[in-house]
A.B. asks: 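Got a structure here, written out as structure tokens. Questions coming.
The chains referred to below are lettered A, B, ... by the order of the sequence lines, with proteins before strands, and numbering in each begins at 1. Because the structure is a prediction, the values reported are computed rather than measured.
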Amino acid sequence: MNDIKERLINGLVKENPTFVLMLGMCPTLAVTTSAMNGLGMGLTTMVVLALSNAFISLLRNIIPDKVRIPAFIVIIASFVTMVELLLEGFIPSLYDALGIYIPLIVVNCIILGRAESYASKNPVIPSLFDGIGMGLGFSFALTCIGSVRELIGAGTLFGMHIMPESYVPCSIFIMAPGAFFVLATLTAIQNKIKINGERKGKDMSKIQSGCGGDCLNCSDTGCTKPQKINGKGEREHA
Amino acid sequence: MLKDLLIILISSSLVSNVVLSQFLGLCPFLGVSRKTSTASGMGVAVIFVITLASAVAGAIYKYVLVPLDITYLQTIVFILVIAALVQFVEMFLKKFMPSLYDALGVYLPLITTNCAVLGVALTNVQKNYGILAGVVNGFATAAGFTISIIILAGIREKMEYNDIPESFKGMPIVLITAGLMAIAFCGFSGLL
């Protein structure tokens, strides 16, 4: 039981995929034009993440080591296809809003990253909850970013008017440039926390900044400055 | 016909730029843009792979998935085709065109899971492009990626010795630059 709680908190706070590890930035920027879209994308990703984690963990002793990445990708792509068909059938409005970013969940590095670093080494139940925890963390982050963008860019929150009548929406925030500015502010805050923490002598090596050359290796490379991690990064913790 | 292709070319490369308005391929865009030389290498490799991948994916969709009525498997098929294709291209270049391999080799593995490649293949299907239109769309998208990554790399080279507030050093300032570029690219939307 403790194990499960630890996994959930780990995903939500300690290793939050967006705020701490900076993984999966493409969907984070693309679909957070409103809080609702952010939440929808987050929950969709969570379902895929939890199911693929559980399934990969179940097969972890059967899949040969050499072909594990293609095998993981096929498993993940199958679940993404299932979720996509379900969304198309039951929540068409969300399906239309997220569009091409639903099938692109396949290349979201959080999912492959968790499969590789956790699910392929741990039993089914912790892996399932690791997926749920990470997914909740991702949903939380996406909803936060979506709320900020929607509030500034349209003056609403989940479609309800929040700002006073006199507020003129700064619509650039729900357009593409706004996404970059919000993420820039976010990473600057994160840098600040990291710098302050290092001054106080805390170990901040887990906090990543930005992603590397491709989504596959995103979880173990930093790009703008050398990371203090040992080349395997957060994969080592398990 | 030619007019349609020209419209696809302009809209995919400039108006709805793959990185700056669709956020695909953001990882290499931010990761490999420190120097113009590496950025242009990456750009050429991306043009090569995406153009080839959209041709192959388009052909497989039209001649395998549609006749067998299994179009719902497109995501799985496309990602496997792309991964295999990149591997194959890498081996082919290594064997037969060593000079080109030396220039592009290091970037090829990086592209395998670049979301832009899968994104283009899926967009082609979504918009009902034929194989030729799909290839043009792929080429234009990749050209748009190359244009923006080279511009970003140029700006980053100039920015290197600027006095930037400590917490904005590294990724945040790059993202702000990208945001300003996105505003500039919004100007192209009046083009069509």
Side-chain angles (χ1 to χ4, degrees), chain A residues 22 25-31 69-70 73-74 76-78 80-81 84-85 99-109 112 172 175-196 208-218 221-225, chain B residues 16-17 19-28 30-34 42 72-80 82-84 106-107 109-119 121-123 126 156 165-186:
Chain A
M22 296 286 275
M25 281 300 141
C26 303
T28 309
L29 291 181
V31 299
I69 299 282
I73 290 180
V74 172
I76 294 167
S78 317
V80 169
T81 308
E84 189 187 356
L85 293 174
I100 194 170
Y101 297 98
I102 304 174
L104 286 177
I105 294 176
V106 179
V107 282
N108 188 328
C109 36
L112 201 60
I172 193 133
M175 285 155 58
F180 285 109
F181 294 139
V182 171
L183 187 66
T185 319
L186 191 75
T187 28
I189 295 171
Q190 195 190 41
N191 270 355
K192 185 86 190 159
I193 294 171
K194 196 174 174 180
I195 292 166
N196 281 348
Q208 310 263 331
S209 46
C211 41
D214 73 324
C215 293
L216 233 190
N217 298 320
C218 206
T221 46
C223 50
T224 48
K225 46 187 160 185
Chain B
S16 53
N17 186 283
V19 200
L20 296 172
S21 79
Q22 296 187 59
F23 306 106
L24 298 179
L26 212 56
C27 303
L30 300 173
V32 206
S33 58
R34 240 183 302 179
M42 185 72 185
Y72 57 89
L73 286 178
Q74 49 170 324
T75 316
I76 305 175
V77 172
F78 285 172
I79 188 110
L80 288 177
I82 290 165
V106 280
Y107 306 105
L110 292 178
I111 304 173
T112 322
T113 51
N114 184 333
C115 28
V117 188
L118 185 61
L122 291 169
T123 320
Q126 231 171 38
R156 281 181 77 173
E166 197 178 13
S167 42
F168 273 88
K169 270 183 191 156
M171 203 36 82
I173 193 72
V174 179
L175 286 167
I176 288 179
T177 316
L180 294 174
M181 279 170 64
I183 294 180
F185 270 72
C186 281

A.B. asks: In Å and rounded to the nearest 0.5 Å, what is the CG to OG1 distance from B/L118 to B/T75?
C.D. replies: 7.0 Å
A.B. asks: Checking heavy atoms, do the side chain of B/Q74, its backbone, both or neither come under 4.5 Å from chain A?
C.D. replies: neither
A.B. asks: Where does B/L73 contact chain A at under 4.5 Å (heavy atoms): side chain, backbone, both or neither?
C.D. replies: neither
A.B. asks: For the residue pair A/E84 and A/P103, what are the closest heavy atoms and their distance?
C.D. replies: OE2-CD, 4.0 Å
A.B. asks: Where do A/F180 and B/V19 come nearest, in terms of heavy atoms and distance?
C.D. replies: CZ-O, 4.0 Å
A.B. asks: Could you tell me which portion of B/T177 (side chain, backbone, both or neither) has an atom closer than 4.5 angstrom to a non-hydrogen atom of chain A?
C.D. replies: neither
A.B. asks: Taking all non-hydrogen atoms of both residues into account, name the closest pair between B/G119 and B/L24 and its distance.
C.D. replies: CA-CD1, 4.1 Å
A.B. asks: Looking at A/A77, A/P70, A/P27, A/G178, which one has more heavy-atom pairs under 4.5 Å with chain B than the rest?
C.D. replies: A/A77
A.B. asks: Answer with side chain, backbone, both or neither: which region of A/I172 has an atom nearer than 4.5 Å to a non-hydrogen atom of chain B?
C.D. replies: side chain
A.B. asks: Looking at every non-hydrogen atom in both residues, tell me the closest pair between B/F23 and A/A30 and how far apart they are.
C.D. replies: CD1-CA, 3.4 Å
A.B. asks: Does A/N191 use its side chain to pair, donor to acceptor, with the backbone of B/P172 at less than 3.5 Å?
C.D. replies: no
A.B. asks: For the candidates A/T81, A/I189, A/T28, A/I100, which exhibits the highest count of non-hydrogen atom pairs separated by less than 4.5 Å from chain B?
C.D. replies: A/I100
A.B. asks: When only pairs under 4.5 Å are counted, which of B/C186, B/S21, B/G179 shares the most heavy-atom pairs with chain A?
C.D. replies: B/G179
A.B. asks: What part of B/I76 is in contact with chain A, defined as an atom under 4.5 angstrom from a non-hydrogen atom: side chain, backbone, both or neither?
C.D. replies: both
